[in-house]
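Inspection log for the structure reproduced underneath, given as structure tokens.
Proteins come first, then strands; the chains are lettered A, B, ... in the order of their sequence lines, and each starts at number 1.
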There are 4 protein chains.
Amino acid sequence: MKKPVKDTPVKRARGRPRDLAAKETILRAARALLDEGGPGAVTMEAVATRAGVGKPTVYRWWPDRHAVVMAALMSATPSTGSPAPSGATAIEALRGQLREIAMRFASPTGRHITSMLAAADAESELARAFRGHFVLARRAEGRAILERGIAAGEFRSDVDIEIVLDELYGAVFFRLLLGHASLDVAFVDRLVRQAITGMSASA
Amino acid sequence: MKKPVKDTPVKRARGRPRDLAAKETILRAARALLDEGGPGAVTMEAVATRAGVGKPTVYRWWPDRHAVVMAALMSATPSTGSPAPSGATAIEALRGQLREIAMRFASPTGRHITSMLAAADAESELARAFRGHFVLARRAEGRAILERGIAAGEFRSDVDIEIVLDELYGAVFFRLLLGHASLDVAFVDRLVRQAITGMSASA
Amino acid sequence: MKKPVKDTPVKRARGRPRDLAAKETILRAARALLDEGGPGAVTMEAVATRAGVGKPTVYRWWPDRHAVVMAALMSATPSTGSPAPSGATAIEALRGQLREIAMRFASPTGRHITSMLAAADAESELARAFRGHFVLARRAEGRAILERGIAAGEFRSDVDIEIVLDELYGAVFFRLLLGHASLDVAFVDRLVRQAITGMSASA
Amino acid sequence: MKKPVKDTPVKRARGRPRDLAAKETILRAARALLDEGGPGAVTMEAVATRAGVGKPTVYRWWPDRHAVVMAALMSATPSTGSPAPSGATAIEALRGQLREIAMRFASPTGRHITSMLAAADAESELARAFRGHFVLARRAEGRAILERGIAAGEFRSDVDIEIVLDELYGAVFFRLLLGHASLDVAFVDRLVRQAITGMSASA
DNA sequence: GGATAATCGAGACGGTACGTCGCGTCTTCAT
DNA sequence: ATGAAGACGCGACGTACCGTCTCGATTATCC
């Protein structure tokens, strides 16, 4: 019997439930506008019109323009790229993941994501989710790879994992942000190699 | 004859010359607004009012809002922090410079700069200047330090210099952008150490 | 057998009957809002919330906002003020009724009623009822008084009754509408006197 | 010499002067909308769009929707109808003016004016101007006619002028407001006759 | 007594208009 | 010609209500 226990109160709202289809339609419209004209084109009015939805409905789901853009970006991109190539060595897995990131972000959409990352001022719930979705989840994935590499003897046991992660992912986003050099496969390969090698003359 | 020699062809305009003091006043006003309310508070109208200046005067100096914010930020910060500590070893010089950067950017203003870096979409002249002023100049400084270190035998001669620079500066801005971990002296020291050590188990 | 004759075909509906108490509650809420903030404050949402009622319930009883305001006003005011002072002369009765009207309408609620009178654009059923309730019923009462006065010899037999009625009630509402002069007892008395006297120099 | 005296400070504003042509264009647009769809069609957005003007420009001239409608109505109608027929007798002049009013107001526009009269809640400057423009100016004109009539011996010298004015103009607006009877020439003629005759049986 | 049906409170929905704010340009007078 | 002042056309903002709809729950009549 399940009824008497009632461990999950099921959260029965009183009024008409929100239309989840509308939410999806709105995100789709926002995404389309984003592709066509960049973040600047994603205005609340354009989104609402395009989605065939009233403006207040958009505001019922997200508090402001910013949040809609973030949600649209998130809804379009899976958090983790490919399933981590577990069969390979840690180095290969790392290289594979960084290549995937570099490739994915070297696009207008990638620039938009970076812009939103930088513009997300506050410690809002959504900003946190956004950072997690696009960056920190992959960074955590990388941490697992590093730990695997250490366990397998590919990397030294005293590697400063958090620092290495910041080095690797930081370098990729640095090139994206500054645009001073290309963001391609060759770059990623050199990046991994250098992080492994280090600079020490004593080696 | 009207001024035939004119050793400095200063381009004497016909009418009233531009008021150079106004430019400074405007930048000061923009900076004050930036400190008080972030980049969002730096509206052209607020800047003009605050500076006691007409809006067209602002537009005479900068093409748009964005440019004013960038100029205000740039006017407040010297391009290179302290004169590079040339007496020290390259490692110490690197550590010193990175500490200086981390300290300077771990502030609201630092966040604003990063926001502007990300928002500067196009390859505009001013965006280039902005990136150069705040990041690439220091990165070039870092390159000189690395080259000095290689010459001095502190670093291996086959170090991938450009990659190392992206690793180091990228890691700092990555923490700034994501806010997932602290940006302090200890971080910088670990960062430099790890970049030197590398991850290789064979060492 | 249950009710074979059914003398009153009561039209028993199938489902749950309407809650008559809700209607009263709604009107009470509308009236309260009217007093507090004027007709503009009587929004459907405010009425429903205040009455603790769903919006559709309000719409089940009245077709739109307008109708609710009218109904609220009507529910608060009896159609005829005091029982016509039949013992008095026609002149006194007339004066008494006009005084009562002037007094009752010289109030915020009176202004609201006049506003609704003017705003009631169409020949809707409810607009007709509203005009009847607040004005035409009293005008009809006045007609009876005039006829009594003629029969009693107080007024000439060739008095243009409809015109006189418009003169008298019109004058009152004119002052209310324009606000160019006070609407008090003295005014009513002068009004009645002048209507009786006329302007003719030949008298 | 005019300069040194400076009796009229000329009201030299500092910035760009307001565009009077824009004001006219806006009023023209509002008038057109009013004719086409009544007061409800005169929305700020429609007015601005129709006039080819930004919404803030409309708000620069009038504080809200209401004021625009009033201004539009006023701009379309001359305050006084025809130049008072001074050659005629006072009675004829009175009849002529009342006929003109009745004719002019027995139209959709007339209804709109009456609506606005009733809706103009506050003692705002514009509401006062509106009442003056459409009603009180003509009432004042009527007062002059009455005084002329008294001086000429057409009316008794002890006529209660203010009351008579309210009777006459009030009756016209009463019919307009209530719509219980026609508002035509015959009505006006009967109205004037009755106001002159009075009701007194003693006459 | 169980099915049927209209009502109830609640509140989300597609809309429309509100009044405000900021953009970047234009127009005025004074310097 | 440049300065300040500020109005201009434009367009997006976020809010308030409109009148309709969709829920689950409630209350009545009908079979």
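To the nearest angstrom, P of dA28(F) lies 12 Å from CG of Leu20(C). Between Trp62(C) atom CH2 and dC18(F) atom C1' there is a gap of 18 Å when expressed in whole angstrom units. With rounding to whole Å, Lys23(A) atom NZ is found 14 Å from dG14(E) atom P. Between the P atom of dG3(F) and the CD atom of Glu24(B) lies a distance of 15 Å, rounded to the nearest Å. As a whole-Å value, the separation of Asp19(C) CG from dA10(E) P is 13 Å.
Met116(D) has its side chain within reach of His66(D): a pair of non-hydrogen atoms, C-beta onward, lies under 4.5 Å apart. Inter-residue side-chain proximity for Trp61(B) and Leu27(B) is flagged as unmet; no heavy-atom pair is nearer than 4.5 Å. In this structure, the side chains of Ile26(C) and Val47(C) come closer than 4.5 Å at one or more pairs of heavy atoms. Here the side chains of Leu33(C) and Thr43(C) are not in contact, with every heavy-atom distance at 4.5 Å or above. For the pair Thr57(C)/Arg60(C), a side-chain contact is recorded, criterion being any heavy-atom separation below 4.5 Å from C-beta on.
Heavy atoms of Trp61(D) sit under 4.0 angstrom from primed sugar atoms or phosphate atoms, though from no base atom.
A search for side chain to side chain donor-acceptor pair (under 3.5 Å) contacts involving Arg16(A) returns nothing, not counting sequence neighbours.
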For nucleotides 21-26 of chain E, give me one character per nucleotide, 5' to 3': B if any protein heavy atom sits under 4.0 Å from the base, S if the only such contacts are to the sugar-phosphate, - if neither. BBBBBB
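At dA12(E), none of the side-chain N or O atoms of Thr57(A) fall inside 4.0 Å of OP1 or OP2 (strictly under the cut-off).
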